[in-house]
Amino acid sequence: MVSTPLSTRDAAAAKWSFKTRRFSWDFTPLFNLTAVHNKHRKLSTSQLQLKPYLSIDPTKIMGATPPEEIAKQHLAAVSLIESHMPCSPRINHGAVPLYWKTKPTCPHLNVETCDKDPDTASVEVSGVAHDSNDANPNSPPWKYPEWCISSLGQVDVTSIVNLITEGVNDPATINQDDAKPANVTSKSIKSTPKQFSPTNLWDEDNASRNNVRITRPSHDAWGIKKIMLVFCDDFLNTIYTLPWYQTGGLNNKTSTKSVTIGEKMHKAIQPILDVLQIQQSQMVRCLLAALPPGVTIPVHHDTGEWVKYTHRVHVPIIVPDPTKVLFRCGPTEQSMERVDCSPGHVFEMNNQAKHAVTNGGEDFRVHLILDYVEPSFFEMREAQNCPVQRVNLAPGEIITQTRRSIDRALEAGSRDQPSFLILGAQKAGTTSLYEYMTQHPWVVKAKRRETHCLDWRWNDALKSTEDRRAHCLEFYHAKAMRPYPSLRTGDSTPSYLLDYYRVIPRLKECFAHGPQLIILVRDPIKRAASHYAMVTSSDGSPEQMKARGMEWREKSFQEVLEQDIKNMKEDGLLPYWDMESKTVNSEIFDTFINSREEDEAWERYVRTRVPLNTGSYSPLARGMYALQCRQWFRSFSKDKFLVMKLEDMSSREKGVQWVVNKTMEHLGVPQFEVPDVDKKNAREYVDPLEEKEELKGWLKRFFAPHNERFGKMIVEELGYDRDDWTDLWI
């Protein structure tokens, strides 16, 4: 949800925060676990310090509605209630087309477009025009929605009412040892329930014992009570069925009492599923939400990857006076229409449209909120190497949450970190890929993008594997991430690919769990030119200048290339290269490659020509990808590797989103739409090959057989598409 719900009476003092849609990757905000209670979590002091993040003014958070604006909206809503704003007619349009939900109907970042003619308005977010369906390329292109509410039917909700009436009008409860949200007044909460009742499903203490407590940050901050039945993380990766919706035999730890409630809930909710014509298995979220009297949830649209894949259904359950409830929805704030909130009205809303709710009555208003997916969603996730998981939670089980993830406390520490390493090649787009990947809410940046913990930051003074592993893990947020196994972290250290003889044994020792390995390659001639331009550039911090080295500063590009050729010749690596004619002897090349002699020469070269104190080395060898990858392919299972080309990022057929999708598939992480696809670490430089046709010519002759060899290796050893890896960089 984009807006922070607040009441008029609390607007002036409101200072409750929740995570925004996108992360700045200051690490602390990632773990804003505002409503997961200390006494249940049993985490260490250092982990608990990540929990409170309550000091941010909501007006400073992207998308948060200022208190003054909420107060204004509340007064306007009350005025509409008092003027008896009519409800729009109940019309059954069928299910909302999901391709209408791939983006907001009126993006909050560019409100000006909302006033345009709906038939001609283009939608822009952060200055980027969208005219295609990013979520599913097989769906029709996005269009301005023709309607936002579909009345699907009417059901008798008496059986649900009977289950939830007890305690419905009791104030929300919190425990004494929990921090009270700043915008919740003492009138709307109480320290502990007056008397514990196992049949009061609104009681948070009861939920903690017999169900499972789940955080909904903005709703919890405002005192909206909830009964959780089915829930999922923001990426629909794991669907959790809570005890109060489980039926007999699903969990041997479930108490008889919980099973009874679950069976009753199943039976009570089934008529709604019958109206929707869906199966229980399609449900990904189901809860009952009680909105306190006198509260306005301001105009907003829902955010998160889950929105574009789900149908959002509301069913009013307990509404003492429907005329006092103002539920509005529409493509723009100005076009929002009132929805009939009479109990039993089953309606679907486009929650990418603007909507707002005000309870102007004297009692809590209860809606059942249900999200479901199409059956094809599960097939899509299987194809993306990220199958949906289903978990039955035990009564009283503890979960840990970030803004976009949910994990079981009993699984803390089950994911070893790092989860991935980008090995190289240098100047082949590794920085860009890393920055794209870490925009995913589940992918956490290392403390340094290039950790170098396995090469020049390796600590030779440490003698035990345990100490060396601990040293390497200090470059990541591994300790703080233990309670959240959904999250991944890794680094991008492009020197690793070439420096195999040092890195591979250290990786196996310290990261024995086997991180996923990613390799990016690039036209080796352009890579070498970019390498030279970077190392000889006068731009950069003192630390960067030192790391680049001084060896090439007084040399031309041709001189450093010829020096690398000389080094490789001296080490016996290029018997096929004629120094005078600058040509490759194909017969000698074919005989020499993949031989024991080549292996020995390559190891000799890497051991003697790859230093740790400078970046000014191997402009040609770094582009000999087959030789570099061969050592890695021999050392790890082939399914550990993902190899891609930098050129894929800029191609019309693929592009950044395709590259990132392939990377997420390799990690087993749900795909996401990359918000910022600009190039990273790109620099302008004078091409050192400009007007040097002779130099270009012998470079092409040098790399041609190496490129062909590398393409064949990728096809034969990794099983990649031959069309993508034939005639490389011709």
A.B. asks: How close do T489 and Q417 get, heavy atom to heavy atom, and via which atoms?
C.D. replies: N-OE1, 3.3 Å
A.B. asks: Which heavy atom of E382 sits nearest a heavy atom of P387, and at what distance?
C.D. replies: OE2-CB, 3.5 Å
A.B. asks: Say whether, by atom type as modelled, one donor and one acceptor occur between the side chain of R365 and the main chain of V319 under 3.5 angstrom.
C.D. replies: no
A.B. asks: Please tabulate, one pair per line, all N/O donor-acceptor pairs under 3.5 Å involving side-chain atoms of residues 155-163, not counting sequence neighbours.
C.D. replies:
{"residue": "D156", "atom": "OD1", "partner": "T158", "partner atom": "N", "Å": "2.9"}
{"residue": "D156", "atom": "OD1", "partner": "T158", "partner atom": "OG1", "Å": "2.6"}
{"residue": "N162", "atom": "ND2", "partner": "T158", "partner atom": "O", "Å": "3.3"}

A.B. asks: To the nearest 0.5 Å, what is the distance between OG (S376) and OH (Y309)?
C.D. replies: 10.5 Å
A.B. asks: Between H266 (side chain only) and Y245 (backbone N and O only), is there a donor and an acceptor less than 3.5 Å apart?
C.D. replies: yes
A.B. asks: Within the 3.5 Å criterion, strictly below it, is a donor on H74 or T296 matched to an acceptor on the partner's side chain?
C.D. replies: yes
A.B. asks: Which heavy atom of C148 sits nearest a heavy atom of C329, and at what distance?
C.D. replies: CB-SG, 3.8 Å
A.B. asks: With no hydrogens and no angle check, is any side-chain donor or acceptor of S150 less than 3.5 Å from a backbone partner on G94?
C.D. replies: yes
A.B. asks: Is there a donor-acceptor contact under 3.5 Å from the side chain of Q389 to the main chain of T238?
C.D. replies: no
A.B. asks: Ignoring hydrogens and angles, tell me if any N or O in the side chain of W202 forms a donor-acceptor pair with the backbone of I164 under 3.5 Å.
C.D. replies: yes
A.B. asks: Taking atom types as modelled, is there a side-chain donor on D234 or W306 under 3.5 Å from an acceptor on the other?
C.D. replies: yes
A.B. asks: Quick one: does K308's side chain get under 4.5 Å of E673's, heavy atoms only?
C.D. replies: yes
A.B. asks: Please list, chain by chain and in numerical order, all residues satisfying side chain to side chain donor-acceptor pair (under 3.5 Å) with E333, sequence neighbours excluded.
C.D. replies: none
A.B. asks: With no hydrogens and no angle check, is any side-chain donor or acceptor of E337 less than 3.5 Å from a backbone partner on P89?
C.D. replies: no
A.B. asks: Does Y240 have R285 sitting over its ring (NZ/CZ under 6.0 Å from centre, angle to axis within 45°)?
C.D. replies: no
A.B. asks: Shortest non-hydrogen contact from R381 to L236?
C.D. replies: NH1-O, 3.5 Å
A.B. asks: Extract all donor-acceptor atom pairs below 3.5 Å that involve side chains of residues 268-278 and protein atoms in other chains or at least two apart in sequence.
C.D. replies:
{"residue": "Q270", "atom": "OE1", "partner": "Q280", "partner atom": "NE2", "Å": "3.1"}
{"residue": "Q270", "atom": "NE2", "partner": "D274", "partner atom": "OD1", "Å": "2.8"}

A.B. asks: For the pair R390 (side chain) and S281 (backbone), establish whether a donor and an acceptor sit closer than 3.5 Å, ignoring hydrogens and angles.
C.D. replies: yes
A.B. asks: Aromatic rings F347 and H314: how do their planes relate, parallel, tilted or perpendicular, breaks at 30° and 60°?
C.D. replies: parallel
A.B. asks: Quick one: are L98 and H311 in side-chain contact, heavy atoms under 4.5 Å?
C.D. replies: yes
A.B. asks: Should D233 and R404 count as side-chain neighbours, where that means a heavy-atom distance under 4.5 Å?
C.D. replies: no
A.B. asks: Is a side-chain donor or acceptor of K225 paired with a backbone partner of D170 at a separation under 3.5 angstrom?
C.D. replies: yes
A.B. asks: To check you understand the geometry: which heavy-atom pair defines the closest contact between P395 and P243, and what is its length?
C.D. replies: N-CG, 3.5 Å
A.B. asks: Any luck finding a side-chain donor-acceptor pair between T400 and D407 under 3.5 Å?
C.D. replies: no
A.B. asks: Apply salt bridge (charged side-chain N to carboxylate O under 4.0 Å, His left out) to R312 and list each qualifying residue two or more places apart in sequence or on a separate chain.
C.D. replies: D302, D371
A.B. asks: Decide yes or no for N237 and V388: does some side-chain heavy atom of the first lie under 4.5 Å from some side-chain heavy atom of the second?
C.D. replies: no
A.B. asks: How far apart are the closest heavy atoms of V669 and W442, and which atoms are they?
C.D. replies: CG1-CE3, 4.3 Å
A.B. asks: Under a 3.5 Å cutoff, is there a donor and acceptor pairing between the side chains of H301 and T105?
C.D. replies: no
A.B. asks: Please determine, by modelled atom types, if N210 and N206 share a side-chain donor-acceptor pair under 3.5 angstrom.
C.D. replies: yes
A.B. asks: Provide the full list of salt bridge (charged side-chain N to carboxylate O under 4.0 Å, His left out) pairs with a residue in residues 81-98, sequence neighbours left out, each pair given once.
C.D. replies: R90-D340
A.B. asks: Do T332 and K354 pass the side chain to side chain contact (heavy atoms under 4.5 Å, CB included) test, and can you show the C-alpha distance, the side-chain angles, and the key distance before you say yes or no?
C.D. replies: CA-CA 6 Å; T332 70; K354 295 298 182 184; 5.5 Å; no
A.B. asks: Any side-chain to backbone donor/acceptor pair from N359 onto V325? Under 3.5 Å, distance only.
C.D. replies: no
A.B. asks: Take D220 and K226 through the salt bridge (Lys or Arg N to Asp or Glu O under 4.0 Å) test and state the conclusion after the steps.
C.D. replies: CA-CA 9 Å; D220 294 345; K226 59 190 179 295; 2.8 Å; yes
A.B. asks: Are the side chains of E68 and K72 in touch, meaning some heavy atoms are under 4.5 Å apart?
C.D. replies: no
A.B. asks: When the ring planes of H355 and F327 are compared, do they come out parallel, tilted or perpendicular, using 30° and 60° as the limits?
C.D. replies: parallel
A.B. asks: Is Q154 reaching over with its side chain to a backbone N or O of P343, donor-acceptor style, under 3.5 angstrom?
C.D. replies: yes
A.B. asks: Could you tell me whether the side chain of H367 reaches within less than 4.5 Å of the side chain of C341, counting heavy atoms only?
C.D. replies: yes
A.B. asks: Using the side chain to side chain donor-acceptor pair (under 3.5 Å) criterion, which residues pair with Q282? Sequence neighbours excluded.
C.D. replies: none
A.B. asks: Between OH of Y484 and CD1 of I399, what distance do you get to the nearest 0.5 Å?
C.D. replies: 11.0 Å
A.B. asks: Does the side chain of K324 come within less than 4.5 Å of D363's, by heavy atoms?
C.D. replies: no
A.B. asks: Can T241 and Q246 be counted as having a side-chain donor-acceptor contact under 3.5 angstrom?
C.D. replies: no
A.B. asks: Go through the steps to decide whether H345 and S151 satisfy the test side chain to side chain donor-acceptor pair (under 3.5 Å), and finish with yes or no.
C.D. replies: CA-CA 7 Å; H345 176 203; S151 295; 2.9 Å; yes
A.B. asks: Counting C-beta onward and ignoring hydrogens, is there a side-chain heavy-atom pair between I81 and L326 closer than 4.5 Å?
C.D. replies: yes
